[in-house]
Protein chains: 2
Amino acid sequence: MKHTKIKDLLCCTSTLSNVTAKGWVRTFRNNQFIALNDGSTINNIQCVVDFENTSADILKRVTTGAAIAVTGDLVESQGKGQKYEIQVTKLEILGDSDAEKFPMQPKKHSLEFLRENAHLRVRTNAFGAIMRVRSVLAFAVHKYFQDKGFVYVNTPIITGADAEGAGEMFQVTSMPLDSLPRNEEGQIDYKQDFFGKHTNLTVSGQLEGETFAMALGQIYTFGPTFRAENSNTSRHLAEFWMIEPEVAFNDLDDNMDLAEDFIQYVVKYALDHCVDDLKFLEGRLLEEEKSKPQDQRSEMSLLEKLTFVLDNNFKRVSYTEAIDILKDSTPNKKKKFQYLITEWGADLQSEHERFLVEKHFKCPVILYDYPANIKAFYMRLNDNTEPGRETVRAMDILFPGIGEIVGGSQREERYDVLVEKMKKIGIDEEELWWYLDTRRFGTATHSGFGLGFERLVLFVTGMTNIRDVIPFPRTPQNAEF
Amino acid sequence: MKHTKIKDLLCCTSTLSNVTAKGWVRTFRNNQFIALNDGSTINNIQCVVDFENTSADILKRVTTGAAIAVTGDLVESQGKGQKYEIQVTKLEILGDSDAEKFPMQPKKHSLEFLRENAHLRVRTNAFGAIMRVRSVLAFAVHKYFQDKGFVYVNTPIITGADAEGAGEMFQVTSMPLDSLPRNEEGQIDYKQDFFGKHTNLTVSGQLEGETFAMALGQIYTFGPTFRAENSNTSRHLAEFWMIEPEVAFNDLDDNMDLAEDFIQYVVKYALDHCVDDLKFLEGRLLEEEKSKPQDQRSEMSLLEKLTFVLDNNFKRVSYTEAIDILKDSTPNKKKKFQYLITEWGADLQSEHERFLVEKHFKCPVILYDYPANIKAFYMRLNDNTEPGRETVRAMDILFPGIGEIVGGSQREERYDVLVEKMKKIGIDEEELWWYLDTRRFGTATHSGFGLGFERLVLFVTGMTNIRDVIPFPRTPQNAEF
């Protein structure tokens with residue numbers, strides 16, 4: 001018999017006769033009440049077993065984690081906590097789960113233990129919720145851009161270009177490391193590698209994305225990117241998903257407008273489509289904060305925090321203004337910052353970003369117009385700046401609790417300026433011939449940004465470790481599963 | 001002044017005063033008529049220049065590929081071919097394009113030349129259309145699954161598991177190949193690699209996807225996968241995007257229903273949302289076929305072929321039936337097949353699949369219940385088969401002109417049967433401990449399939465080389481851009 005999803009059963013507006021549900025047992029109380037979940041929703045359906053007329057052999061196999069099918073009438077529940085329940089007339093064990101051995105016991109597990117069981121943690125309430133929210137956010141990303149006529153572009157994962165310098169790269173090879181082919185000079189002969197050259201995993205699809213924006217107008221990427229950096233932090237992954245829109249004819253103001261509108265859209269989409277999951281995660285967070293001292297608890301609940309982002313414009317602050325604020329700030333004067341701000345040109349550290357967002361402005365902040373020499377080569381040099389104080393049309397969006405969630409810029413569209421900058425920092429023009437072609441033929445103002453998808457999921461779910469918002473995290477010394 | 005997308009201007013239902021359009025010049029006729037494109041649609045807008053009142057310096061910079069901005073009234077066109085045109089009052093050159101040097105001349109280029117200029121080919125009509133159709137198809141994939149409550153899962157790209165055996169894998173490392181660390185036995189010391197072990201690029205997210213399906217019920221992946229196979233064919237890429245749904249409680253029949261419904265949905269979505277692009281590609285195909293002998297031309301136009309797939313059920317044929325048909329077929333009897341079919345158990349080659357689809361059934365075909373020993377270890381063994389004729393609940397969907405577009409199966413849910421099979425073919429149980437856990441704890445019938453996204457795009461666009469339907473193809477000896 002065809003089964004009905006638990007989400008649909010729980011949404012029913014009237015009783016139904018003879019329905020079947022399939023799922024996994026969460027709990028079994030008093031030999032009578034099964035809480036059954038099938039992943040379609042965070043909510044379980046209560047299945048009431050006629051234990052007097054069910055064999056003891058079957059009943060003892062109804063254990064946490066077992067897969068079962070139940071058939072019966074959907075009736076109004078006499079108990080509290082649910083509107084409907086299933087009065088079970090048929091109970092079938094599909095797959096047993098040895099109660100002694102099943103790692104996901106109905107009790108609180110540490111997040112670290114759950115990470116080691118990433119293949120099973122998704123059977124818990126919290127990780128089921130996180131993964132559903134992640135999925136809905138991913139769809140919101142696509143829907144936002146497609147509704148506006150952006151073209152989704154799959155930029156390459158394996159790349160021969162390693163000029164961007166966004167970070168350390170992983171090498172990709174099909175050569176046997178035990179017996180690497182060598183050329184006459186005794187060097188590794190990359191001509192014999194699969195692609196006939198040295199190749200890496202991409203750190204960003206931006207440069208390829210720009211070539212498409214200069215043809216299709218508005219494009220976005222959404223794919224995996226990689227950093228071979230030995231950072232064991234709660235904010236970094238070696239493999240993460242990034243969203244990179246790029247728009248022809250947009251300047252930096254348009255770019256800021258787009259980023260702000262985009263983030264507000266996807267957060268609203270999650271609020272509109274995942275309220276049960278978000279409420280559960282809000283409760284989880286409240287519970288967790290109870291163990292913290294009062295002054296370290298959040299001022300806002302998760303849903304309040306998300307609503308706040310929708311209802312308030314992001315504060316736009318130039319780098320120069322930010323430096324003035326930081327110089328005059330109490331932690332700077334009292335030497336509480338690890339890196340004291342003494343002059344214009346300093347690179348901002350996470351402690352400074354957090355001060356601006358969490359203490360000073362208390363809202364999302366867009367910092368823009370950074371010093372040229374702390375930003376990437378492809379960013380548009382501002383006109384009419386003082387010598388020694390050159391700035392570029394860069395922007396970073398900083399979020400409370402997350403730090404940098406977006407980095408973007410208006411791109412340097414002038415061929416000569418771009419080439420000079422590349423020369424200055426030693427980037428090979430020949431390697432990026434195709435990138436330079438966009439400035440050779442029909443160049444135009446254009447802008448874009450990158451948003452780390454997992455940081456967005458962190459923000460929306462209220463989780464605090466990035467390893468908990470991606471199915472199978474990749475970090476130093478960890479590529480299990 | 002804010003500009004309007006050309007797609008929106010062409011959709012107007014009345015004239016407008018003082019609009020601005022920005023884009024790239026496709027052609028410039030008679031010093032008067034600019035065909036302008038901004039990538040929002042395959043259609044150009046005609047911009048009529050008042051050449052008597054425009055400086056000659058500006059006019060000569062209106063060359064193919066130049067980026068320009070035009071302002072003027074949107075009026076009804078006197079010429080044929082377009083309803084509206086812009087009467088230009090202001091013409092600005094944003095970025096020049098040297099007519100002598102711009103590689104994308106307004107003439108026919110070979111596909112091979114265009115592949116070498118993958119960063120510019122998207123500025124042609126054909127590749128603009130292909131990339132827009134690709135994007136819309138990708139969105140249709142997400143929309144189909146999300147509307148049905150599937151959860152999108154990003155399975156890992158870098159993987160420590162290499163047991164699946166779907167093909168040759170690329171190795172990922174952060175160790176310097178010039179000075180690989182060695183252990184005391186002189187072997188490469190993978191403990192010192194980034195992940196502390198030997199890692200590869202994924203060939204499939206299926207196994208990880210199964211662990212999520214056994215918690216969330218219905219999931220799908222859509223991400224890049226890799227094969228380090230030296231196949232220089234028009235159907236293979238080293239890096240390609242794959243869609244892999246996996247559904248708990250689905251058997252093979254449900255799996256076939258899902259695959260067929262899914263393909264029909266996305267094809268219909270493309271027909272509903274990309275008709276201008278598809279009509280252009282249909283015309284391109286007709287033009288191309290004119291150079292072929294009559295008997296090699298398609299019986300159906302592109303749109304007829306797409307509509308045919310919507311209107312006709314896929315023919316479901318067991319492997320055993322297919323072998324009987326092939327044994328009795330004319331090419332087999334006349335020894336025209338390279339691999340003659342003599343007995344049950346033979347692996348089907350592309351020539352046999354094409355015969356079944358293109359000559360015998362003349363429609364998409366789902367082959368199912370293949371011999372166990374030519375299929376993967378995780379496929380569900382059929383009950384009650386004759387000894388020596390064991391089959392598994394596998395299915396392949398074959399498409400005219402494309403060959404295999406989907407491969408899937410019901411999965412072996414029985415722990416003992418699965419372990420025995422793994423032992424038989426030498427897969428290490430310990431390496432797949434987490435996969436086996438899904439059968440240890442609450443196992444259940446489940447099924448899924450993989451669809452190569454580029455093969456779908458090939459089918460829908462009518463292109464014949466897979467390198468032409470992905471932005472920057474990765475193939476042996478080629479990782480440019």
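Because only heavy atoms are used, hydrogens play no part in the values below, and waters and symmetry mates are left out as well, while side chains stay in. Sequence lines set the chain letters: A, B, ... in the order given, protein chains first and strands last, and positions in each chain run from 1. Keep in mind that this is a model prediction, so the values were computed, not measured.
With a 4.5 Å cut-off on non-hydrogen atoms, A:E413 does not touch chain B at all. Proximity to chain B is absent for every atom of A:I93, based on heavy atoms less than 4.5 angstrom apart. A:K22 touches chain B through backbone and side chain together, each having a heavy atom under 4.5 Å away. Heavy atoms of A:K148 lying under 4.5 Å from chain B belong exclusively to its backbone. When heavy atoms are compared at a cutoff of 4.5 Å, A:F127 does not approach chain B at all. Contact annotation for B:T173: both backbone and side-chain heavy atoms come within less than 4.5 Å of a heavy atom of chain A. For chain B, the nearby part of A:W241 is the side chain; its heavy atoms alone come within less than 4.5 Å. Interface remark: A:N154 contributes backbone and side-chain atoms alike to the contact with chain B (heavy atom separation under 4.5 Å). Residue B:Y190 touches chain A through its side chain alone, counting heavy-atom pairs closer than 4.5 Å. B:T64 does not touch chain A: none of its heavy atoms, backbone or side chain, sits under 4.5 Å away. If you measure heavy-atom distances from B:A69 to chain A, you find no contacts under 4.5 Å at all. Interface remark: A:E116 contributes backbone atoms only to the contact with chain B (heavy atom separation under 4.5 Å). Residue contact with chain B, scored on non-hydrogen atoms closer than 4.5 Å, involves the backbone and the side chain of A:P471 alike. With a 4.5 angstrom heavy-atom cutoff, B:L180 touches chain A only via side-chain atoms. For chain B, the nearby parts of A:A228 are the backbone and the side chain; heavy atoms of each come within less than 4.5 Å. Contact of A:M104 with chain B is not made at all, since no heavy-atom distance falls under 4.5 Å. With a 4.5 Å cut-off on non-hydrogen atoms, B:R439 does not touch chain A at all. If you measure heavy-atom distances from B:N478 to chain A, the contacts under 4.5 Å come from the backbone alone. Using a 4.5 Å cut-off between heavy atoms, A:F145 does not touch chain B at all. Within the 4.5 angstrom heavy-atom criterion, no atom of B:I6 approaches chain A. Contacts between A:L201 and chain B at a heavy-atom distance below 4.5 Å involve the side chain alone, from C-beta outward. Of the atoms belonging to A:K191, it is backbone heavy atoms, and not side-chain ones, that fall under 4.5 Å from chain B.
For A:F226 and B:F194, the gap between ring centers reaches or exceeds 6.0 Å. Residues B:F150 and A:F139 place their aromatic rings such that the two centres sit no closer than 6.0 Å.
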Between B:M131 and A:L216, does the side chain to side chain contact (heavy atoms under 4.5 Å, CB included) criterion hold? Intermediate values first, please.
CA-CA 9 Å; B:M131 294 306 160; A:L216 300 174; 4.1 Å; yes
Derivation of the side chain to side chain contact (heavy atoms under 4.5 Å, CB included) call for B:K143 and A:H142:
CA-CA 9 Å; B:K143 187 161 163 51; A:H142 285 291; over 6 Å; no
Residue pair B:F102, A:R440: steps toward the side chain to side chain contact (heavy atoms under 4.5 Å, CB included) verdict
CA-CA 8 Å; B:F102 185 51; A:R440 272 189 204 105; over 6 Å; no
Apply the test side chain to side chain contact (heavy atoms under 4.5 Å, CB included) to residues A:Q171 and B:V172: give CA-CA distance (whole Å), side-chain angles for both, the deciding distance (0.1 Å), then the verdict.
CA-CA 6 Å; A:Q171 184 168 354; B:V172 175; over 6 Å; no
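The distance from atom CG of B:N117 to atom CG of A:D437, rounded to the nearest 0.5 Å, is 7.5 Å. Atom OG1 of residue B:T211 and atom CZ of residue A:R121 lie 10.5 Å apart, to the nearest 0.5 angstrom. Here the straight-line distance linking atom CG of B:D96 with atom CZ of A:F441 works out to 11.5 Å at 0.5 Å rounding.
Comparing A:G39, A:G95, A:G149, A:G442 by how many heavy-atom pairs each has under 4.5 Å with chain B, the most go to A:G442. Of the listed residues (B:A66, B:G65, B:P156), the one with the most heavy-atom contacts under 4.5 Å to chain A is B:P156. The candidate from B:M214, B:Q187, B:M175, B:Q218 with the greatest count of non-hydrogen atom pairs under 4.5 Å with chain A is B:M214. When B:G217, B:S174, B:P476, B:S40 are compared by the number of non-hydrogen pairs under 4.5 Å with chain A, B:P476 comes out ahead. Counting heavy-atom pairs closer than 4.5 Å to chain A, the top-ranked of the candidates B:R134, B:R414, B:K7 is B:R134. Counting heavy-atom pairs closer than 4.5 Å to chain B, the top residue among A:L177, A:L94, A:D98 is A:L177.
The shortest non-hydrogen separation linking A:W24 to B:A213 is CH2-O, 3.6 Å. Residues A:Q477 and B:G196 come closest through the heavy atom pair OE1-CA, 3.4 Å. Residue A:I158 comes nearest to B:E239 through the heavy atom pair N-OE1, 2.8 Å, listed as atom of the first residue, atom of the second, then distance. Nearest approach of A:D178 to B:R182, heavy atoms of both residues: OD1-NH1, 4.1 Å. Across A:G23 and B:F249, no two heavy atoms sit closer than the pair N-CZ, 3.7 Å. Here the closest heavy-atom approach between residue A:A444 and residue B:A67 is recorded as CB-CB, 4.2 Å.
Qualifying salt bridge (Lys or Arg N to Asp or Glu O under 4.0 Å) partners for B:R123, counting only residues two or more places apart in sequence or in other chains: none.
The only option from B:W433, B:Y435, B:F195, B:F212 that meets the ring pair (Phe, Tyr, Trp, His ring centres under 6.0 Å) definition with A:F481 turns out to be B:W433.
With contacts defined as side-chain heavy-atom distances shorter than 4.5 Å, the pair B:T159/A:E480 does not qualify. Taking 4.5 Å as the limit, every side-chain heavy atom of B:I157 sits out of range of all side-chain heavy atoms of A:F472.
With 3.5 Å as the limit, one finds a donor-acceptor pair spanning the side chains of A:S135 and B:Q146.
The salt bridge (Lys or Arg N to Asp or Glu O under 4.0 Å) analysis of residues 151-161 of chain B, with sequence neighbours excluded, yields no pairs.
Using a 4.0 Å cut-off between a side-chain N of Lys or Arg and a carboxylate O of Asp or Glu, B:D254 and A:K2 qualify as a salt bridge.
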